[in-house]
2 protein chains.
Amino acid sequence: MIQMKKGEKTRDHILKTTRFILVANGFHNTTISDIIKASGVKKGNLYYHFASKEEIGLAVLEDAKEEFFNFLGQSFQGKSPCAKVINSCQAIFAEQKKNNFVGGCLFGNAALEMSDSNHHFSKVIHGVFSRWVEEIDGHLTLAGEDCSFNSNLSPRLLAKTIVAIIEGGIMMSRVSKDQADLDDCLAVIGAMFGE
Amino acid sequence: MIQMKKGEKTRDHILKTTRFILVANGFHNTTISDIIKASGVKKGNLYYHFASKEEIGLAVLEDAKEEFFNFLGQSFQGKSPCAKVINSCQAIFAEQKKNNFVGGCLFGNAALEMSDSNHHFSKVIHGVFSRWVEEIDGHLTLAGEDCSFNSNLSPRLLAKTIVAIIEGGIMMSRVSKDQADLDDCLAVIGAMFGE
DNA sequence: CTTAACAAACTGAACGTTCGGTACAAAATA
DNA sequence: TATTTTGTACCGAACGTTCAGTTTGTTAAG
């Protein structure tokens with residue numbers, strides 16, 4: 001059970017709690033009962049704040065999306081573009097572990113679980129990934145940072161690949177239960193830009 | 001409804017049919033009814049061949065695993081290691097599309113959906129990924145193929161990253177519904193080895 | 001200061017549905 | 001004959017959802 005912090009709104013508490021459950025278990029393997037048990041919010045009250053399980057899921061995605069890009073904006077100040085990306089990724093993962101939760105990417109999970117079966121979810125997920133790529137693309141372009149081994153690769157293509165490496169790396173870490181796998185992948189991103 | 005081919009065993013037909021459903025919808029979002037409808041096999045008969053839904057899921061994974069590594073073994077003959085990996089990945093994806101099915105990786109899906117909640121699944125998934133990395137590692141080492149931009153990166157680390165890029169690329173393609181995203185990622189793998 | 005009024009927040013039992021799985025006789029196949 | 005397949009009916013558990021009713025906090029009148 002995750003205690004509700006003083007001053008925290010019930011709705012927010014449900015969102016934060018559910019986010020961690022969704023990262024660990026996915027949407028379809030998470031029941032309303034799971035959310036109730038973990039948050040301490042009673043069933044009736046939960047349905048007072050949300051109309052349906054789907055609405056909770058979408059709200060969690062939106063909430064996490066906002067937090068993610070805020071965080072990305074912060075961590076993009078100073079340092080080289082690729083260092084920023086790597087650092088931000090490590091920081092998010094570290095925070096998850098700090099709270100004893102399964103490390104993973106909510107958006108990546110949702111992408112594979114929902115993007116073909118629920119267009120409400122797929123819309124949000126698509127938005128997250130394309131904006132993520134855009135931001136990295138923009139920062140690579142702005143910094144004029146070239147790929148160390150092939151300057152013909154466009155910033156956009158590199159940005160896509162960086163996101164793919166991160167998502168793939170998170171997946172591998174999850175399977176092996178060893179964060180070193182993600183770190184290895186992030187190291188290669190660094191090496192790609194000669195860092 | 002997927003028609004059963006002549007001479008095909010019912011058990012095999014269930015496995016192949018279910019595989020495509022699982023790639024598209026995942027395990028928890030797939031019901032026994034879905035499998036029955038898609039395969040044409042009646043409920044009683046399905047439970048004559050399998051004891052439970054979990055057993056079907058595991059059998060599908062094992063079946064796909066065997067097919068995957070057979071295919072990888074074939075495609076590894078001739079050509080450079082990284083070309084083989086890229087070609088095999090493209091071929092599998094193309095075949096899925098040919099059958100009008102959602103392109104995706106069964107193992108990647110299962111990794112994010114099940115690896116934390118079901119240890120039977122996680123064991124198989126872990127086996128697939130570690131063997132996949134091993135095989136690429138082995139072929140890189142055997143061919144003495146170095147990373148074009150940093151020869152200090154070990155073959156194993158590179159192999160891990162290649163798998164991560166592929167899985168991440170599949171995820172991105174799935175979200176964008178554009179195979180170009182996966183192709184872009186594969187192109188970067190090629191570029192990493194100066195091809 | 002007390003009290004009435006009201007909306008927002010919350011409760012928990014109960015609902016209808018769907019799920020995975022069972023039972024088993026009859027029919028088909030080999 | 002032994003194995004495999006069909007058909008239908010059924011079960012209990014778990015699911016997401018509803019709802020009549022209770023509590024709480026705020027506001028304003030008496």
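Here is the naming used below: chain letters follow the sequence lines, and residue numbers restart at 1 for every chain.
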request  = Using modelled atom types only, decide if a donor and an acceptor are shared between the side chain of B:Ser88 and the backbone of B:Val85 within a distance under 3.5 Å.
outcome  = yes

request  = Give a yes or no on whether the backbone of B:Leu15 and the side-chain of B:Thr18 come within a donor-acceptor separation of less than 3.5 Å.
outcome  = no

inquiry  = Are A:Met192 and A:Cys82 packed together at the side-chain level, in the sense that at least one heavy-atom pair is separated by less than 4.5 angstrom?
reply    = no

task = Return no unless some side-chain N or O of B:Lys42 is found under 4.0 Å from OP1 or OP2 of D:dT5.
result = no

ask   = Are A:Tyr47 and A:Met4 connected, step by step, through hydrophobic side chains (Ile, Leu, Val, Met, Phe, Trp, Tyr) whose heavy atoms are closer than 4.5 Å?
value = no

task = Classify every nucleotide of nucleotides 19-30 of chain C by which part a protein heavy atom approaches to under 4.0 Å, writing B for the base, S for the sugar-phosphate alone and - for neither, in 5'-to-3' order.
result = SBBB--------

ask   = Given side chains that start at C-beta, do those of A:Ile2 and A:His13 come closer than 4.5 Å, heavy atoms only?
value = yes

Distance-only donor-acceptor hits, side chain of residues 157-171 of chain A, under 3.5 Å, sequence neighbours excluded:
{"residue": "A:Lys160", "atom": "NZ", "partner": "B:Asp181", "partner atom": "OD1", "Å": "2.6"}
{"residue": "A:Lys160", "atom": "NZ", "partner": "B:Asp184", "partner atom": "OD2", "Å": "2.8"}
{"residue": "A:Thr161", "atom": "OG1", "partner": "A:Leu157", "partner atom": "O", "Å": "2.8"}

inquiry  = Just the rounded figure in Å: distance from P of D:dT18 to CZ of A:Phe50.
reply    = 15 Å

query = Taking DNA chain C as the partner, which of residues 4-20 of chain A come within under 4.0 angstrom of it by heavy atom?
reply = A:Thr10

task = Ignoring backbone atoms, test whether A:His49 places a side-chain nitrogen or oxygen under 4.0 Å from the OP1 or OP2 oxygen of C:dA8.
result = no

task = Anything under 30° is parallel, anything over 60° is perpendicular, the rest tilted; go ahead and classify A:Phe107 against A:Phe68.
result = tilted

request  = Answer yes or no for A:Lys42 and A:Tyr48: cation-pi contact, defined as NZ/CZ to six-membered ring centre under 6.0 Å and angle to ring axis within 45°.
outcome  = no

task = Nearest whole angstrom, please: distance from the P of D:dA20 to the OH of A:Tyr48.
result = 17 Å

query = How many Å lie between NZ on A:Lys37 and P on C:dG12, as a whole number?
reply = 15 Å

ask   = Does B:Asn45 put a side-chain nitrogen or oxygen below 4.0 Å from OP1 or OP2 of D:dT4?
value = no

